[in-house]
Amino acid sequence: MKSLSQKYLLSVADLSQKDIDLILKTASKMEDIAFHPVKKNAALRGKTVLLCFFESSTRTRASFEIAGKRLSADTINISSSGSSLSKGESLLDTVKNLEAMKPDAIVVRHSVSGMPHLLSKHIDCPIINAGDGTHEHPTQALLDLMTILKTGKKIKGLNVAIIGDILHSRVARSNILLLSKMGAKVHVAGPASLMPPFLDQYGVEVHHNIDTIIPKADVIMMLRIQKERQEESFFPSLREYSRFFGLNEKTMKHAKKDVVIMHPGPVNRGVEIAPEIADGVHSVILDQVTNGVAVRMALLYLLCGTEVSLRA
Ligand code: CP
């Protein structure tokens, strides 16, 4: 069985082209299982996957759990409340104790950037980063890549516009890394106060007005304003933000006829994207969620699977 070049998935930066191709190929083999009468495959029978979500999640947590279960793994959910973290145990002690129970993979989401990296220095079991602070969300970028490819678009030379709160977005960083690596031209747009300093090193084009990017974008990825990561105010009001950076019928008039609209969720309808655009013909937002299960099945299989046929 082919496997990834590393036993952890911490950052998109660690993925080779061969790894990315293998993940996408494996995910495309996995996606059919969702349409089988019995949505189960024995690939991870006897394996245990710990889902350690120390920060809120709907899509990523459910997606990893469904992915594990569809491959017959035993999935165990751990969160801050209800675990001994609430009694003062350190995260490292918690995860070391969980590792002592011999899981086959640990999926970690944490509000602190770099936490999965830190754990990987002390833990031997494969770790998958399910989102760490403002740093990275590698599985989201991989499912976004799969979603774009499934629209029939070629990544090389594709103009991808990522619009919104770039500063606090781990989705933006992972997508910038992955899509640039695959040959796309990534543009970002948003208020100057929500632009991180690292953009120069990735050859990203920065726009402070969406009118300059909407007409040339093949893919528009809208981002939520991450209020939970903002201790100060980065713009005068949500209303004003929406007026200048929101995607709506008026701003969409200037978009390409075959533009693809994406959003990692959760969506704040009426703020960064109007409901009619989120639910409109160009939107692939729910396809992203569907593809997320296939990508996470692929990753669990590649990181802790054994040689078993992928056919049910
Ligand atoms: N896209 C994403 O990470 O969503 P959740 O926070 O609901 O997992």
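Whatever order the structure lists ligands and atoms in, that order sets their numbers, starting from 1.
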Query raised in the report: Closest approach of Ser3 and Leu302, non-hydrogen atoms and distance?
Result: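 For Ser3 versus Leu302, the nearest heavy atoms are CB-O, 4.0 Å.
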Query raised in the report: Side chains of Asp19 and Ser5: do they bring a donor and an acceptor to under 3.5 Å?
Result: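 Asp19 vs Ser5: donor-acceptor pair found between side chains.
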Query - Heavy-atom check, side chain of Lys18 versus side chain of Lys2, under 4.5 Å - result: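 Heavy-atom side-chain distance check fails, nothing below 4.5 Å.
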Query raised in the report: Can you list, by chain and residue number, every protein residue with a non-hydrogen atom closer than 4.0 Å to ligand 1?
Result: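 Ser57, Thr58, Arg59, Thr60, Arg109, His137, Gln140, Pro264, Gly265.
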Query raised in the report: Under 4.0 Å between a Lys/Arg side-chain N and an Asp/Glu carboxylate O for Arg109 and Glu136?
Result: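 A salt bridge is absent here (no side-chain N lies under 4.0 Å from a carboxylate O).
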**Report entry** Under the side-chain hydrogen bond (donor to acceptor under 3.5 Å, both in side chains) test, residues paired with Thr58 that sit two or more places apart
**Finding:**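 Per chain and number, Thr58 pairs via side-chain hydrogen bond (donor to acceptor under 3.5 Å, both in side chains) with no residue.
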Query raised in the report: Between Leu142, Leu4, Val107, which is the residue that forms a side chain to side chain contact (heavy atoms under 4.5 Å, CB included) with Leu9?
Result: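 The side chain to side chain contact (heavy atoms under 4.5 Å, CB included) with Leu9 is passed solely by Leu142 among Leu142, Leu4, Val107.
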